[in-house]
Structures are given as structure tokens and as C-alpha cells.
Amino acid sequence: MHVSFDPWSPAFVADPYPAYTALRAAGRAHWFEPTGQWLIPHHSDVSALLRDRRLGRTYLHRFSHEEFGRTPPPPEHEPFTTLNGQGILDLEAPDHPRIRRLISKAFTPRTVENLAPTVRRLAAELVDAFVAKGGGDLLAEVAEPLPVAVIAEMLGVPEADRGLLRPWSSAICGMFELNPSEETARAAVRASVDFSAYLRGLITERRADPGDDLISALIAAHDEGERLTEQEMISTCVLLLNAGHEATVNTTVNGWRTLFHHPEQLAALRADPALLPTAIEELLRYDTPLQMFERWVLDDIEIDGQVIGRGAEVALLFGSANRDPERFARPDTLDLSRTDNPHITFGAGIHFCLGAPLARLELAASFGELLRKAPALRMTAEPEWHPGYVIRGVKELRAEV
């Protein structure tokens with residue numbers, strides 16, 4: 001039944017949507033032996049389970065590895081395990097609400113608002129350079145530098161050091177793929193050690209000489225006497241970079257690839273820039289950069305008569321949920337004017353993406369600049385997809401103006 005669901009197949013990664021259609025038609029929960037997970041393909045179930053407190057991103061707040069029937073991570077993975085495990089994406093109550101509350105005191109709506117001129121300036125500079133040379137790789141020259149520069153600016157990372165961030169982030173994010181190899185794990189551990197040491201140095205500098213950057217704000221953030229530990233600050237900064245740039249980069253490039261494959265929709269957007277806000281939401285829905293989000297079952301749940309017991313893991317298929325005809329009219333049709341669009345690309349519940357407003361700001365800036373300054377932009381070669389499925393994107397996107 002799920003022979004077509006093969007996340008290690010290049011053909012599947014290039015176009016997983018027919019397999020999702022088959023999964024949805026076959027039922028609401030499917031056991032997938034290769035990863036030992038239950039696949040959940042329907043929008044209503046994915047949306048509900050993201051909010052269900054019987055599931056969690058971790059189980060260690062309630063059980064030991066042994067009690068939960070799971071093997072502890074290898075000791076040699078410890079630098080990655082600590083770094084990832086102290087970020088709010090992988091924490092549950094009581095730590096998650098405490099840390100999120102403190103982060104929210106530093107990373108406020110005003111923080112994003114104040115970044116808007118910087119985001120627009122950086123996007124304009126990148127697009128101007130891209131247009132001046134007649135085009136190139138949209139990923140390497142526009143999509144990738146923008147969010148990395150914005151987050152580096154936000155954290156107060158000196159310009160000379162910014163080239164370090166993307167390789168560290170890429171290595172760490174390799175661990176979020178299904179069944180990562182030992183080589184991937186070693187690279188993630190090295191990056192975790194190096195990135196943590198670098199941030200520890202920045203935190204020490206900001207303690208001595210605070211600035212108007214986010215690290216200084218995280219140091220200063222307090223609530224009824226509670227403050228973030230140094231490790232919590234480090235994990236927060238790494239999460240902001242990883243989640244922020246991976247989602248924005250892949251949405252930008254996947255989005256432009258989608259537009260090039262739908263010339264009538266691209267023409268409509270070029271003719272009416274006021275469509276941009278709904279267009280961005282539709283591109284986020286139509287080809288989401290995060291295809292799967294995993295949760296542990298902390299207490300038994302039941303889906304359509306199938307009991308999924310404590311200790312199991314569910315794989316919430318965001319890409320499938322965002323194309324579910326039970327929730328979206330004509331889900332496989334790209335409609336940049338779509339207003340009824342409750343996509344779950346940014347998640348839901350307590351783990352809803354903290355950086356969603358910043359991602360939307362960056363996407364509006366880069367798409368807007370390219371639409372204005374490169375009105376004849378066209379793709380010159382069909383891109384090759386990265387082998388990763390969970391975080392899904394292409395290796396490059398060649399285009400000319």
C-alpha cells in the first residue's frame with residue numbers, strides 16, 4: 001500500500017504528492033516499517049495532533065529512555081544531543097513555556113518590525129547584484145544570503161564571521177533527516193561543538209559589553225527572577241538560524257520553481273503586486289519546505305479505530321496535509337489569490353514557529369524585489385533536488401533576467 005512512499009527515492013523526493021494522494025485514500029494512519037513510524041497524511045489529523053498534549057517532541061520530561069522503550073543516543077552524539085535538546089522545538093512543559101516566554105521578551109513583534117528596513121535593504125542589494133550580472137544561481141545569490149545575513153545581523157555576528165553560519169547549520173540540520181548516517185552524525189557533532197563554542201564567546205562579550213542585538217536581549221530577559229541559562233541561549237540562537245534560514249531559503253527557491261512551472265500565475269502576480277501576500281501563503285502551502293514533523297506518543301491515542309500506543313512515533317506529513325482535498329478546494333492547483341488557506345507549514349500548537357513573522361517579511365522582500373527588478377526572470381535549467389526529504393529543497397536554481 002505504501003510502496004510509493006519512499007523518502008530515500010530521488011523520484012519520490014522530486015514529487016511526493018502522488019504518493020500522498022494514495023496514502024490519504026488508503027486511510028488515516030499507516031505503519032511504515034523502515035522508520036518505525038506511523039504516517040499521518042490528513043490535514044484534520046495533523047492539525048489536531050500538533051495541538052494534542054498526549055504527544056510531545058520529547059518524552060524525557062516524563063520518562064527515561066528505558067521506561068519509554070527507546071535506546072538512548074550514543075554518547076559520542078552528546079554535543080548535538082545537548083544543543084538540540086535545549087532548544088524550544090524539542091522541549092515540552094515545564095521547560096518549553098518557561099523558555100519560550102523568556103525568548104518572547106527578547107524576540108518581540110517590535111524586534112521584527114525594527115528589522116524590516118534592514119531586511120528590505122539586504123534584499124534590494126542582493127537582487128541588484130543578481131540583476132546586474134544577468135542572473136545566476138537564485139539559491140546561492142539571493143535566497144540563501146538573505147536570511148543568513150538577517151539572522152547574523154539580529155544576533156550581532158560580525159560580518160567577517162558570517163560565512164561560518166550556513167555550513168554549521170547545514171551540518172546540524174542533516175540530523176533531522178530520516179535514519180541519518182554516521183557520517184552525517186559526525187558532521188553534526190563537529191558543527192555543534194564549533195557553533196556552541198563560537199556563541200559562548202559572543203555571549204561572554206555581550207555580558208561585558210551589551211549591545212542592541214538579540215543575544216544581549218536574551219541575556220537581559222527575565223521573568224519573576226527566571227533567566228535563560230547559557231546553554232538555553234546557545235540552543236535558541238542555533239534554532240533561530242537553522243529554522244529561520246532552512247524554511248526561508250527553500251520556500252524562496254521552491255516557490256520560484258513553482259512559479260516558473262505555472263507561467264499564467266506568475267504573469268498574474270507580475271501584473272498585480274497586491275497579490276503578493278496571498279501568493280506567499282499559497283507558495284508555502286503548495287510546496288512546503290518541511291515535509292514531515294515527528295512527535296512521540298506519550299499516552300495512547302486512537303485514529304480512525306487504530307490505537308497508537310505510548311512509546312510510538314508519529315510522522316505528521318505536512319506536505320500531504322497541505323494538499324488534502326477535504327480541507328482545500330482544488331488542492332493540487334496553484335492559486336495565488338487563495339484566501340481560505342489554513343496551511344500548517346509553520347506548525348500549530350505550542351510549537352508554532354516563533355520566527356513565522358520574520359520569515360514572511362523576508363519572503364515578501366525578496367519576492368517583491370525580484371518581481372520589480374527582474375520582470376522577465378526565467379529558469380534556464382530544471383534543478384536537481386537534494387536527497388533529503390524532511391527538509392526538502394533543490395541544490396540550485398539557475399535563472400536569467
Side-chain angles (χ1 to χ4, degrees), residues 107-133 135-157 159 162 165-166 169 213-214 240-260 265-266 268-290 336-337 341 343 345-346 353-377 379 393-394 397 399 401:
F107 189 50
T108 64
R110 178 164 289 186
T111 304
V112 177
E113 189 181 312
N114 291 341
L115 274 171
T118 299
V119 172
R120 295 187 187 112
R121 173 181 58 79
L122 290 168
E125 290 171 357
L126 290 166
V127 171
D128 286 345
F130 186 78
V131 169
K133 64 193 285 289
D137 179 5
L138 199 59
L139 186 152
E141 297 171 51
V142 178
E144 191 172 83
L146 178 61
V148 173
V150 170
I151 291 167
E153 187 96 7
M154 191 167 64
L155 295 177
V157 174
E159 275 199 49
R162 292 181 182 182
L165 300 183
R166 172 62 169 163
S169 179
D213 54 275
L214 184 64
L240 282 171
L241 175 65
N242 292 350
H245 94 260
E246 289 290 350
T248 309
V249 170
N250 290 327
T251 298
T252 302
V253 182
N254 296 1
W256 273 106
R257 177 186 172 276
T258 295
L259 290 172
F260 291 138
Q265 288 289 297
L266 178 53
L269 181 58
R270 284 171 169 157
D272 183 10
L275 273 177
L276 189 56
T278 55
I280 287 170
E281 298 306 312
E282 177 69 343
L283 293 170
L284 284 162
R285 178 198 72 85
Y286 188 83
D287 203 13
T288 177
L290 181 66
L336 299 185
S337 65
N341 194 355
H343 65 76
T345 297
F346 291 120
C353 178
L354 193 66
L358 180 59
R360 288 183 166 113
L361 174 64
E362 292 170 349
L363 291 166
S366 68
F367 274 95
E369 289 290 324
L370 282 163
L371 288 165
R372 281 191 297 275
K373 295 175 178 174
L377 186 68
M379 186 168 66
V394 298
L397 185 63
V401 299

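Values below: every heavy atom of this structure, side chains too, minus hydrogens, waters and symmetry copies.
- Between L115 and M154, the closest heavy-atom pair is CD1-SD, 3.5 Å.
- Residue L275 comes nearest to A268 through the heavy atom pair CD1-O, 3.8 Å, listed as atom of the first residue, atom of the second, then distance.
- For the residue pair T251 / T248, no side-chain donor-acceptor distance below 3.5 Å is found, with atom types taken as modelled.
- Considering CD of E144 and CG of D137, their distance stands at 8.5 Å, rounded to 0.5 Å.
- At a threshold of 4.5 Å between non-hydrogen side-chain atoms, the residues F346 and L290 do not count as touching.
- The residues R285 and E282 are annotated as salt-bridged, a charged nitrogen and a carboxylate oxygen being separated by less than 4.0 angstrom.
- When all heavy atoms of L139 and V394 are compared, the pair lying nearest together is CD1-O, 3.2 Å.
- Within the structure, salt bridge (Lys or Arg N to Asp or Glu O under 4.0 Å) contacts touching residues 268-277 (residues at least two apart or in different chains) do not occur.
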Tabulate below the donor-acceptor pairs under 3.5 Å that side-chain atoms of residues 119-133 make, not counting sequence neighbours, or state none.
unit_1 : atom_1 : unit_2 : atom_2 : d
R121   : NH1    : E125   : OE2    : 3.3
D128   : OD1    : K373   : NZ     : 2.9
K133   : NZ     : G135   : O      : 3.0
K133   : NZ     : E141   : OE1    : 3.1

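- Residue pairs meeting the salt bridge (Lys or Arg N to Asp or Glu O under 4.0 Å) criterion with at least one member in residues 240-250, sequence neighbours excluded: R166-E246.
- Of all heavy-atom pairs spanning A152 and L165, the tightest one is CB-CD1, 3.8 Å.
- Between the CH2 atom in W256 and the CG atom in L283 there is a gap of 9.5 Å [rounded to 0.5 Å].
- Looking at every heavy atom in both residues, V249 comes nearest to A143 through CG2-O, 3.5 Å.
- Remark: L269 CG to L336 CG distance equals 6.0 Å, nearest 0.5 Å.
- If you take CG on L266 and CG on L377, they are separated by 8.0 Å, rounding to the nearest 0.5 Å.
- Looking only at side-chain heavy atoms (C-beta outward), L358 and L240 stay at 4.5 Å or farther from each other.
- Heavy atoms only, all atoms of each residue included: L284 and T345 are closest at O-OG1, 2.8 Å.
- Counting heavy atoms from C-beta on, the side chains of L155 and I151 come closer than 4.5 Å.
- Looking at E362 and V150, their side chains come closer than 4.5 Å, going by heavy atoms from C-beta outward.
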